[in-house]
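All remarks here apply to the structure that follows.
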Amino acid sequence: MFAEIQGKLGFGFMRLPKEEDGSVDYDQTEEMVDLFLASGFNYFDTAWSYTGSEEALGRTLCRRHPRSSYLLATKLSAWRVQSREAAHAQLSTSLERTGAGYIDFYLLHNLGERRTRSFDDFGIWDFVQEKKAQGLIRHLGFSMHASPEELEAVLTAHPEVEFVQLQINYADWENPSVQARRCWEVARRFGKPVSIMEPVKGGLLARPPQSVQDIFTQAEPSGSAASWALRYAADLEGVMIVLSGMSTLAQMRDNIAVMQGFTGLTDAQRDVIARARDAFAGFPLIPCSSCDYCVKSCPAGISISGTFTAMNYLTLYEDMEAARYWRDWYCFVRARKQASECLKCGACMDVCPQHIAIPDELERCREALGPENTHAFR
């Protein structure tokens with residue numbers, strides 16, 4: 001449907017390379033942008049709510065390359081503001097930050113549950129159609145982390161939507177909280193092309209536990225675990241793009257090597273992934289994708305995703321010292337507080353796409369990981 005998309009790999013501008021002080025590493029990002037385009041890919045994904053992302057995209061892509069050489073996707077988060085005017089202003093802000101002139105793929109961001117109502121109350125559906133008629137938007141879609149029933153309801157109410165963005169990866173395919181398979185089936189039934197987010201589950205599938213890695217290594221000694229996750233997503237029917245939030249040149253080179261000329265998996269490769277999925281399902285992980293929507297809503301400033309990352313590290317690798325190091329490092333580098341300071345107010349749960357009982361999990365992590373601030377950082 002979208003013939004202008006080159007290849008199935010999209011560059012997600014959510015997890016950009018960082019300097020030691022936490023700012024964007026623009027030099028490395030420019031190298032990554034240039035390599036991505038030179039390798040025959042052209043789809044870039046950002047969002048109004050990704051801190052610093054649209055500005056970085058404007059600086060490293062839009063101001064350095066011809067407008068015809070790339071496709072830009074960004075998103076409107078109506079539920080993050082309090083008025084119709086503020087919601088409508090997000091498009092102008094995105095255009096100003098990027099300098100792109102128009103948006104190729106405009107998404108209503110993270111529909112589902114109470115968030116969907118904001119788009120209705122603020123007249124966003126009519127607004128985006130008006131902007132599309134003016135040429136500021138070329139294609140309309142939405143992203144969703146909610147249930148297949150909610151997805152079906154939105155697609156039924158809004159047949160004008162041209163595509164959907166869904167969280168799909170081999171670990172979440174049958175996950176009862178994500179229901180990736182059922183959501184994909186709804187999109188296919190409505191004939192909507194799918195943009196896939198979190199194919200590597202926030203990086204978790206790039207470094208799986210040894211039992212999972214062994215399955216992949218035995219089948220393909222030179223292939224990375226991340227490459228298997230990307231290929232799984234790209235192999236699904238109806239997929240228009242697979243987004244990867246690449247953070248280093250090395251990750252980009254690996255992803256490009258996998259996705260250039262990709263034509264699909266063999267039955268034997270699909271069987272390998274099925275065995276890896278079964279092995280992965282045996283680990284009781286916190287299903288956090290590090291989107292950090294919760295952190296932005298937390299009045300106490302808790303390092304939620306950093307704590308969960310550390311806990312998952314402990315579960316997967318049984319390395320307490322490393323888990324505590326990463327827990328404390330995330331607090332330091334992001335200027336966040338430890339789990340013990342959680343107010344248990346529940347604000348985080350209202351925006352969590354993964355439906356995690358965050359206060360309860362933070363308490364569990366605190367008990368499992370033990371003493372806080374065990375590492376001193378400059």
To the nearest 0.5 Å, what is the distance between CG on L61 and OG1 on T98? 9.0 Å
Is it true that a side-chain atom of R277 and a backbone atom of I273 form a donor plus acceptor pair closer than 3.5 Å? no
Hey, are E162 and K192 close enough for a salt bridge, meaning a charged N less than 4.0 Å from a carboxylate O? no
Salt bridge or not between E361 and R364? Use side-chain N to carboxylate O under 4.0 Å. yes
Could R67 and D104 be called an ion pair, given the rule that one side-chain N must be under 4.0 Å from one carboxylate O? yes
Would you tell me whether N255 and Q251 have side-chain atoms, one donor and one acceptor, within less than 3.5 Å of each other? no
In Å, rounded to the nearest 0.5 Å, how long is the span from NZ of K337 to CD1 of I304? 12.5 Å
Do N312 side-chain atoms and I286 backbone N/O form a donor-acceptor pair below 3.5 Å? yes
Has the side chain of N169 got a donor or acceptor atom that lies under 3.5 Å from a matching backbone atom of V200? no
Is the shortest distance from a Lys or Arg side-chain nitrogen in D121 or R84 to a carboxylate oxygen in the other one below 4.0 Å? no
Would you name the heavy atoms of K18 and G22 that are closest together and state the gap between them? CD-O, 3.3 Å
Validation row: S77, N110 side chains within 4.5 angstrom (heavy atoms): no
No-hydrogen, no-angle side-chain donor-acceptor test under 3.5 Å, S53 and T46: yes
Look at E185 together with R189 and state whether they make a salt bridge at an N to O cut-off of under 4.0 Å. no
How long is the straight-line distance from CG of L362 back to SG of C342, given to the nearest 0.5 Å? 5.0 Å
Would you kindly check if the NZ (Lys) or CZ (Arg) of R231 is within the cone defined by 45 degrees around the ring axis of F262 and under 6.0 Å from the six-membered ring centre? no
Please state whether the rings of F216 and W228 are parallel, tilted or perpendicular, taking 30° and 60° as the class boundaries. parallel
About how many Å separate CG of L136 and OH of Y102, when rounded to the nearest 0.5 Å? 11.5 Å
Taking everything shown except E96 itself, do over 12 heavy atoms lie less than 6.0 Å from its CD? no
Indicate whether the side chain of S94 and that of E54 have a donor and an acceptor atom separated by less than 3.5 Å. yes
Would you compute the distance between atom OG of S244 and atom CG of L9 and round it to the nearest 0.5 angstrom? 6.0 Å
Between Q179 and S147, the two heavy atoms sitting closest are NE2-CB, 4.3 Å
Is there a donor-acceptor pair closer than 3.5 Å between any side-chain N or O of Q260 and the backbone N or O of S39? yes
Donor-acceptor pair, side chain of S227 and main chain of G223, under 3.5 angstrom: no
Are any side-chain N or O atoms of Q213 and backbone N or O atoms of P209, one a donor and one an acceptor, separated by less than 3.5 Å? no
Between R63 and G58 (side chain of the first, backbone of the second, donor and acceptor by atom type, cut-off under 3.5 Å), is there such a pair? yes
W184 six-ring centre to R181 NZ/CZ under 6.0 Å and within 45° of normal: no
Is any NZ, NE, NH1 or NH2 atom of the basic residue among E4 and R138 found under 4.0 Å from an Asp or Glu carboxylate oxygen of the other? yes
Between Y43 and F41, is the ring centroid distance below 6.0 Å? no
Search all heavy atoms of A339 against all heavy atoms of R366 and return the closest pair with its distance. CB-CB, 4.3 Å
Are R270 and D267 within salt-bridge range, i.e. N to O under 4.0 Å? yes
Side-chain donor/acceptor of Q28 to backbone N/O of L249, under 3.5 Å: yes
Return yes if a side-chain donor-acceptor contact under 3.5 Å exists between S23 and E19, otherwise no. no
For this output row, return yes or no: ring centroids of H139 and F2 closer than 6.0 angstrom. yes
Measuring from atom OG of S143 to atom CG of L111, what distance do you get when rounded to the nearest 0.5 angstrom? 7.0 Å
Does H355 reach the main-chain N or O of M349 with its side chain, forming a donor-acceptor pair under 3.5 Å? no
Name the orientation class of the two ring planes belonging to F142 and W125 (parallel below 30°, tilted from 30 to 60°, perpendicular beyond 60°). perpendicular
Presence of salt bridge, R324 and E372, under 4.0 angstrom: no
In terms of side-chain geometry, is the basic nitrogen of R15 or E198 positioned less than 4.0 Å from the acidic oxygen of its partner? yes
Would you find a donor on one side and an acceptor on the other, under 3.5 Å apart, between the side chain of R97 and the backbone of W48? yes
Is a salt bridge present between R115 and D350, judged by a nitrogen-to-oxygen distance below 4.0 Å? no
Listed pairs under 3.5 Å, donor-acceptor, residues 293-301 side chains, sequence neighbours left out:
unit_1, atom_1, unit_2, atom_2, d
Y293, OH, H109, NE2, 2.6
K296, NZ, S49, O, 2.6
S297, OG, Y293, O, 3.4

Audit row: F163, F105, ring-ring contact (aromatic ring centres under 6.0 Å, His included) steps and yes/no: CA-CA 9 Å; F163 68 102; F105 295 86; 5.5 Å; yes
When E174, E149, E152, E150 are each screened for salt bridge (charged side-chain N to carboxylate O under 4.0 Å, His left out) with R182, the one that passes is E149
